[in-house]
Structure formats: structure tokens, C-alpha cells
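Notes follow the structure.
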Amino acid sequence: MALTHRPFEIFFGTGGVGKTTLATARPVQLAGEGKRVLLMTIDPAKRLKDLLGLSDAQAGMVVAISRFGDLPPFAAPLDVLLMSAPHTIQRMAESSGVPELARNRIVEVLARPNGGMNEILALIELDLRFTAGNYDCVVLDTPPGPHFLDFLEGLDKIRAFFDARFVEIFASLGRKVVEVAPTKGLAGRLVGKVVGAGVQKLLSYLEKVTGAAFVEDFLQALQVIYRARGAFLRGLEMEKRLTAKDASHWFLVTSVEQGKVSEALAIRRDAVALAPQGVTLAVNKCLSPVLADWAPTGDGARLKAAWLAKEHALLDGARAGFAGVLAFPEIFTASPLDHVEALAEGWKKHGND
Amino acid sequence: MTASPQRLYIITGKGGVGKTVVSLAFTRWLRQQGHDATHVTFGHHRLRDQSSPNRERPLAAWKDVPRWELDLEESAEGYIQKKLGSGLAAKWIVRTAFFRALVNMMPGFSYVIFLGRLLQTMQDHPQRIMVLDAPASGHALAMLEATANFREIFGAGAVFDDTQKMLTKLYDPTYTGLRILALPTQMAMQEAAELREAVAGIAPFDARITLNQSLESWESALAEAPAPLQAKLAMEREVRSGAGDLPALPFSAATDPEELWRDLGPAVAGLV
């Protein structure tokens, strides 16, 4: 299976499977072949920074790496971006002329690593970087965990939030001046009134349980976000780009150590909507190459059988549901640098399949 | 009956490390010790208009273990009903597009709702021990931070008071025990240690690391194995010697649930 790069390569998976290492090895391989690549991570654990020798101080800025480990220097530097939500918000505040966006208390909390805005901000950052740079490939390493699909859901969040109904909310509340999209005729105005009345009721309940100060802060946050909506809506541009034909590779990473077929299949089902050309399963830490050299009896045979069963369950059972399956071997040293270099070799081999 | 020092056990770790199997085994073991223990998971973290397809039930053969999967909408409705004193208002609120978008926008909010429901139930059933099969590591941290974040957002009022009460219970090491499962590899241990440190930065949690999928008991089986496989055991031993005396749960080659229980059952006692 030829594995030419595509403009966007997204790595997702449940974490602890070597996703970040594999997602780092890919740009290392591509940069080694002279491609212009940007590697973006929104991984709060900052594992990538350790591998690439980057510091927290460089978060939010694109850093050019000219070589990796003992590999030959790259023909063109590999760009790396450790995403930083506050930096993205700051850029958005500037570009939309809404400085309050970067100062609002609630927005600040939401922009924290686990606050909930990360996926949306990642999409916006992805859009900003892609349009600014001139990359052959942008590799995105998504945050690990069962909710990594929040990344995909980020698009829905943007859409839902800036739904016309919220325009009505701002209009009906009659607070600071907000630009309102015109509603269509009598029906539109009636809907507007009903929605408006409903929201007033909701807010009055909210005031009872949270106190008026929170409601005030919250409404201000909504308004500030709304005024900066141009910057947010850019994130939606990404959807068109990501779903264009042959525009992206979606790699679901799992490992023999920790993989579960049922989980991989469930994730593929959810992801397939956004990746019409399909999801490729990348199975990391395969042991079969080494196990082939071993012919044990007794407990050894049980152990080998258990390991092989796990591997086969992933490679064979999941194969039917995926656009492709790539196997990567386990690396038996402790050095993350060794892992990246060996996996970059693995990518090269798959490129020649 | 062995004393159970805590009422709430939160089992966390990277995705795929074995949280579900271990948390189920631990719940089963607690019950065999005479405790009223339930295995708990959080349902989907977003409010959705259609119900989700039924998820696979791992180890369904362990029928004697009660399982409770919390429902986000039901939990939110229940809480709002308590606060406003009106079931009708609660029903209406959780169905508004605005509320749903709000909850879905902020995943932390769903954690607060789930935790609130869980802790409320624990208050109503003072004998019950809950074993929470938590979301994967990064999200366990999010779960713990979420409550503090929301308290900060709310600032004052009834919800603030409630989140404050929740935090007190969560942070009380005699009430809550956090068990971080990690594979016996250097990278996994490092991440577990980072999580433990991050958690210690929030509160004096009783947070302990337990290794899972240990190859230690397979030493003789690996004696004639190719060098790389022996290196796996060697690396595990290096990790363990560096980390002090950590409990370790064995890698199981079991092919059926009762065999798995024989392998794991005795070992999970160390989680208490």
C-alpha cells in the first residue's frame, strides 16, 4: 500500500499506544525526504516537547528543527508547533479586534488544557498555520484519551454555538449592541420571540442557583466570543479542507500491548463520517517478527499464544473495517529517540509497499 | 471482612492499560470480602438527541458484579430538580438547545455533573463502596480539575456551595483513593508519575501507582525466549527497581473469564 503523504495527516487514538512517537516519526521521515512539513501537537502532556528538545517557553510558536537525533540534517527544516491555547486566543483577539477575548475570565478557564475549548482552538490554529505556511504536509497529533474524538466534535461545537438561535439570544437580551442577522419575515420574528422568552426563563433559573455575578460574566463571555466570531468560524474552513478528496490521512493508532478490536472498530465508525476516504489503522508494538524466532513449550507457549492472539485480533479482525492496516514493530530500547528513528524507518518501509 | 479504608476508588490510567478489567476484578474482590461494592462508569460525555448504540459489556460472565453506568441527561436533570425543587423545570431546562450546547461545549461540565450524581448517591447509601472505572489519564486529571475550575467560574451561590462540598469529599484521602494503573515500561511509569504529581498539585490525594501486565511471573517461561523478549522483562525490572515497592498485577494469558479471575483476583487486593 503506497503511503504518499497527503496535505493533512491526523493521528488519533486512546493514548499510551505510542501515538505521539508514531506521529513524530512521520514528519521526521517526510522531512528526511525533503518535504516541507509542519507537526502540530495539542497534547497536554507535552511528550513531544521532550522528544524534540523543545521548552515550554516555545509553546505557541513555530520552531524549525533542522535535524533529529543522529539522522542526517533535513533538506528543509521540520516545523514544529506546540499548541498553546492562550497564544491562539491572543492571535484571535488581535485579528478580530476584540482584545477582551484574551482577558475574559470564563474564556480563560475554558481555554485551559482540559477546559473544553482546545479542540476548537486547534482547528482554528490548524487553519491559520496551513494558510500562512507553504507545507506539503501538516501532521496533527491529537490529544490522547477516549475523548480524542472531541477534536472531530469541535467542528460541531463551533457550528452549534454560532447557530442563528444564539444571535436571537443576544438580540432578545437587549444588552450591549450586537449585530443581528435579519430573520425571515413574521415566522422568523415569532421564533425569535419564543426563543428569546425561553432563554430569559433559563437565565433566571440560572441566576437562582449560581448567583447574578456568574450570569453576568457568562453573558459577557458569550458576547465577547460572539464579537470575535469571525476568528472562530475560520475553524469551519478546516472541515472543507479535511474532507476534500485525497486531502487527508486519518491514522487510528493502537498497540498490541493495549489494543482492543472492539474499541478500534467503534472509533472507526465514529470517525468515518469525517474521513470519507477511510481511516487507516496503525498497529504499534507488534511482536510477531520476534515471536517467529521462538518455539517454546509449556508456559512459554501459553505466553506466545496470548501475545499472538492479541496481535492477530487487531491486524486481522479490524482489517475489514479500515481503509488500510499498517503494522509497526515493538522497539526494545528505552530511548524515545531510538523509537522515533526506528518508526521513521517503519514509515519509509510502508511507503515502499 | 478486610477493612476498606476508602469509599470511592478511582481507577485511572492510559487508554488500554486494563482499567476496566482491573476495576471489575477489584469490585468483585471487595464484594467477596463482604463489602457492598459497585462498579461505576460514566456514560457518554455529551448530551445527544438520540441514544447511543449499546456498548460492549466486557467480562459479562462476572454477573455477580453490579455495574452502574451514569447517564448524563438523567444526572443533570436530577441535580437541577433538587436545586430548583421542580421536576418540570428540570425536564424543560435539560431539553433546551441552549443548555445542551452549553454542556456539550464544556466537557468539564459533564464531569462535574457525573461526579455530583455519584457523590450524591454515595451520601444516600453510606455503606456502598464505588469503584469508578475512570476516563483515561489525561481525562482523569481533567475530571479532577473540572470541579475546581467550575467552582472558580461560578464564584458564589448554591452551585458553588455544592461543588465546594464535592471537592471536599474528592480531596479527602480517607474518602477517596486514586489508583493509577501503568504498564511496566519506562514511558508509562513516567507518565503515571507525572499524573501523580499533577494530582498532588491539586490536593493531598491518596494517589498510588500500580503496575499492570507484569511479566514477572513469566520469568521461567521467558528463560529460553529470544533476547528482545527477555529485554522486556529486564526493562520491567529496571522500571520497578527505580520506582520502589509498587504493587504489580500480572499479565494474564487467560482465555476465559474464570481463568482471568484466578490470575487477577488475589492480586487486586493490593489496590486497597
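Naming: A, B, ... by sequence-line order, numbering from 1 per chain.
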Problem set entry | Most chain A-contacting option - heavy-atom pairs closer than 4.5 Å, from A182(B), P226(B), A253(B) | P226(B)
[X], part contacting chain A, at a heavy-atom distance under 4.5 Å:
X	result
T185(B)	side chain
L215(B)	side chain
A188(B)	neither

For this session: Calculate, to the nearest 0.5 Å, the distance between atoms CD and OG1 belonging to Q186(B) and T333(A) respectively.
Result: 9.0 Å
Seminar exercise, completed: Here the gap from R302(A) atom CZ to T255(B) atom OG1, rounded to the nearest 0.5 Å, amounts to 8.0 Å
For this session: Evaluate whether atom CD of E224(B) has more than 12 neighbouring non-hydrogen atoms of other residues, nucleotides or ligands under 6.0 angstrom away.
Result: no
Exercise. Do other residues, nucleotides or ligands put more than 12 heavy atoms under 6.0 Å from Q81(B) CD?
Worked result: yes
Can you name the closest pair of heavy atoms from [X] and [Y] and give their distance?
X	Y	answer
W218(B)	D299(A)	CZ3-O, 3.4 Å
P228(B)	F332(A)	O-CD2, 3.2 Å
K310(A)	Q213(B)	NZ-OE1, 4.0 Å

Seminar exercise, completed: Sequence neighbours excluded, the answer for side-chain hydrogen bond (donor to acceptor under 3.5 Å, both in side chains) partners of N104(A) is none
Exercise. Who pairs with E216(B) by side-chain hydrogen bond (donor to acceptor under 3.5 Å, both in side chains), at least two apart in sequence or on another chain?
Worked result: R237(B)
